[in-house]
A.B. asks: 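Below is one structure. I have some questions about it.
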Amino acid sequence: MTTELRATVHELVQKGKGILAADESGPTIAKRFKAIGVESTEENRRAWRSLLLATPGLGQYVSGIILYEETLGQRADGGDPVPQLAARQGIVPGIKVDAGKGPLALAPGDEITHGLDGLAQRLEGYKQQGARFAKWRAVYNVSGTLPSRAAIVANAEALARYAAVCQSLDVVPIVEPEVLIDGDHTQARCAEVTEDVLHEVFAALYRYGVALEHMLLKPSMVVPGKAQARQATPAEVAEQTLQVLRRTVPAAVPGINFLSGGQSPAEATANLDALNRRGPHPWQLSFSYGRALQEPAMQAWRGQAANAQLAQKALLQRAKLNSAATLGEYSASMEAAD
Ligand code: 13P
């Protein structure tokens, strides 16, 4: 039983490789497409996501892709179901299974992620379609008082219940607690909240009997709020992030794959590189970026099939630079190399 979980973790956590997050929900992908003047139709979403996955050589730097439910059932340009194209590229297909977030009642400013009801049945179906790992995202707004204790506890509980359901069906859970970058809070405040959040998440995972060896953590890095005047250098991001991770994440967790969360592509790569330059660490530190991998490619594409190769080239370049960052071998001069 656990053989399957072990094999999937082994394929996902490979030296020099990370995960491509391509699981934007309907409203989110519409927002990203709008920025490049593309309408969010089912066909455009299919074209975009199969273009990304069909990038020649992507499997050299990317071990897994997180898909949205709709994409899991779509066919790539050659006619293959998308999960089969992933497998051919040597990339493990995964699926976002949460049903999005909403307000936490009686806790103004806090949010809770939905989707536990019927999760086991949905997962059985996704598995038949080829998904081998899953993702659930919890979000935490930050201020002087947010998130509340109730939000921290409720989201930890939901993440742990989700992870337990996944493992009971031999699907590897990616546990994603995202401390949001929005706001003007300091890096120290982000560190405080992230430590509190991760501490609670791992306590809940323990209560529910989740095998830490068979899951991945997808956290945010410890950074100041976007509107904070005093921004942090990669060295400061690495120091603060590592301090929090060492205090809260057991060494049994095989991989930590960060989200980019609003960092620019170059920032996300430089920060990951700084983290890995301070190794060795008990866990592999890699990426599970959405925007930081897709943005330059999307700018090159702009909805035109004729731009497909340019877009793929831009994606491959970002994937390659992030791969270098997982080894602590990235330098800013590599940005201009191509
Ligand atoms: P970003 O890297 O754009 O934050 O996306 C990662 C993700 O999967 C968010 O849920």
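In each ligand, atom 1 is the first atom listed, and ligand 1 is the first ligand listed.
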A.B. asks: Determine whether more than 12 heavy atoms belonging to other residues, nucleotides or ligands lie under 6.0 Å from atom NZ of Lys320.
C.D. replies: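 No, the 6.0 Å shell around NZ holds no more than 12 heavy atoms from other groups.
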A.B. asks: Starting from atom 10 (O) of ligand 1, what is the nearest protein heavy atom, named by residue and atom, and what distance separates them?
C.D. replies: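 For this ligand atom, the closest protein heavy atom is Lys135 NZ, 2.6 Å.
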A.B. asks: Thinking salt bridges, do Arg45 and Glu70 make one under a 4.0 Å N-O criterion?
C.D. replies: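 Yes.
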A.B. asks: Which bit of Leu293 is near ligand 1, meaning a heavy atom under 4.0 Å away: side chain, backbone, both or neither?
C.D. replies: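 Contact part for Leu293 vs ligand 1: neither.
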A.B. asks: Might you point out which heavy atoms bring Ile65 and Leu53 nearest each other, and give the distance in Å?
C.D. replies: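 Minimum heavy-atom contact is CD1-CD1, 3.8 Å.
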A.B. asks: Nearest protein heavy atom to atom 5 (O) of ligand 1, by residue and atom, and its distance?
C.D. replies: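 Result for atom 5 (O) of ligand 1: Gly290 N, 3.5 Å.
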A.B. asks: If you measure from the Lys or Arg side-chain nitrogens to the Asp or Glu carboxylate oxygens, is any gap between Arg277 and Glu329 under 4.0 Å?
C.D. replies: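 Not counted as a salt bridge, because no side-chain N and carboxylate O are separated by less than 4.0 Å.
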A.B. asks: Under 4.0 angstrom from ligand 1, any heavy atom of Ala292?
C.D. replies: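 False for this residue.
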A.B. asks: Report, in ascending order of atom number, the atoms of ligand 1 lying under 4.0 Å from any heavy atom of Tyr289.
C.D. replies: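 Counting atoms of ligand 1 from 1, those under 4.0 Å from Tyr289 are 2 (O).
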A.B. asks: Can a salt bridge be assigned to the pair Asp170 and Arg132 using a cut-off of 4.0 Å between side-chain N and carboxylate O?
C.D. replies: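 Salt bridge absent between Asp170 and Arg132.
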A.B. asks: Return the residue, atom name and 0.1 Å-rounded distance of the protein heavy atom closest to atom 9 (C) of ligand 1.
C.D. replies: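 Looking only at protein heavy atoms, the one closest to atom 9 (C) of ligand 1 is Glu176 OE2, 3.3 Å.
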A.B. asks: So for Lys218, does at least one of its heavy atoms come nearer than 4.0 angstrom to any atom of ligand 1?
C.D. replies: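 For ligand 1, residue contact (heavy atoms, under 4.0 Å) with Lys218 is present.
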A.B. asks: Going by an N to O cut-off under 4.0 Å, is there a salt bridge joining Glu4 and Lys127?
C.D. replies: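 Salt bridge present between Glu4 and Lys127.
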A.B. asks: Is Arg6 paired with Glu213 through a side-chain N to carboxylate O contact shorter than 4.0 Å?
C.D. replies: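 Judged by the 4.0 Å cut-off on N to carboxylate O distance, Glu213 and Arg6 do not form a salt bridge.
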A.B. asks: Against heavy atoms of Asp23, which atoms of ligand 1 measure under 4.0 Å?
C.D. replies: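 Ligand 1 atoms under the 4.0 Å threshold to Asp23: 8 (O).
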A.B. asks: Taking NZ, NE, NH1 and NH2 as the nitrogens, is one of them in Glu43 or Arg46 under 4.0 Å from a carboxylate oxygen of the other?
C.D. replies: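 Salt bridge present between Glu43 and Arg46.
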A.B. asks: Could you identify the single nearest non-hydrogen protein atom to atom 4 (O) of ligand 1 and state the distance to 0.1 Å?
C.D. replies: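 Checking every protein heavy atom, the shortest distance to atom 4 (O) of ligand 1 gives Gly261 N, 2.7 Å.
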A.B. asks: Working note: Tyr289 + Gln294, criterion side chain to side chain donor-acceptor pair (under 3.5 Å); need CA distance, chi angles, decisive distance, verdict.
C.D. replies: CA-CA 8 Å; Tyr289 295 160; Gln294 293 187 46; over 6 Å; no
A.B. asks: To which protein heavy atom is atom 1 (P) of ligand 1 closest, and what is the distance rounded to 0.1 Å?
C.D. replies: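 Looking at atom 1 (P) of ligand 1, the protein heavy atom closest to it is Ser260 OG, 3.3 Å.
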A.B. asks: Contact between Ser288 and ligand 1, counting heavy atoms under 4.0 Å?
C.D. replies: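 Yes, that is the case, since the closest heavy atom of the residue is under 4.0 Å from the ligand.
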A.B. asks: Does some non-hydrogen atom of Gln294 fall short of 4.0 Å from ligand 1?
C.D. replies: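 No.
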A.B. asks: Is it true that Glu239 and Arg278 have a side-chain N and a carboxylate O under 4.0 angstrom from each other?
C.D. replies: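 Salt bridge: yes.
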A.B. asks: Please work out whether any backbone atom (N, CA, C, O) or any side-chain heavy atom from C-beta onward of Ala21 is under 4.0 Å from ligand 1, and answer side chain, backbone, both or neither.
C.D. replies: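 The answer is the side chain.
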A.B. asks: Taking heavy atoms and a distance under 4.0 Å, where does Lys96 meet ligand 1: side chain, backbone, both or neither?
C.D. replies: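 Neither; no heavy atom under 4.0 Å.
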A.B. asks: Just let me know how Arg137 lines up against ligand 1, side chain, backbone, both or neither, with a heavy-atom cut-off below 4.0 Å.
C.D. replies: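 The answer is the side chain of Arg137.
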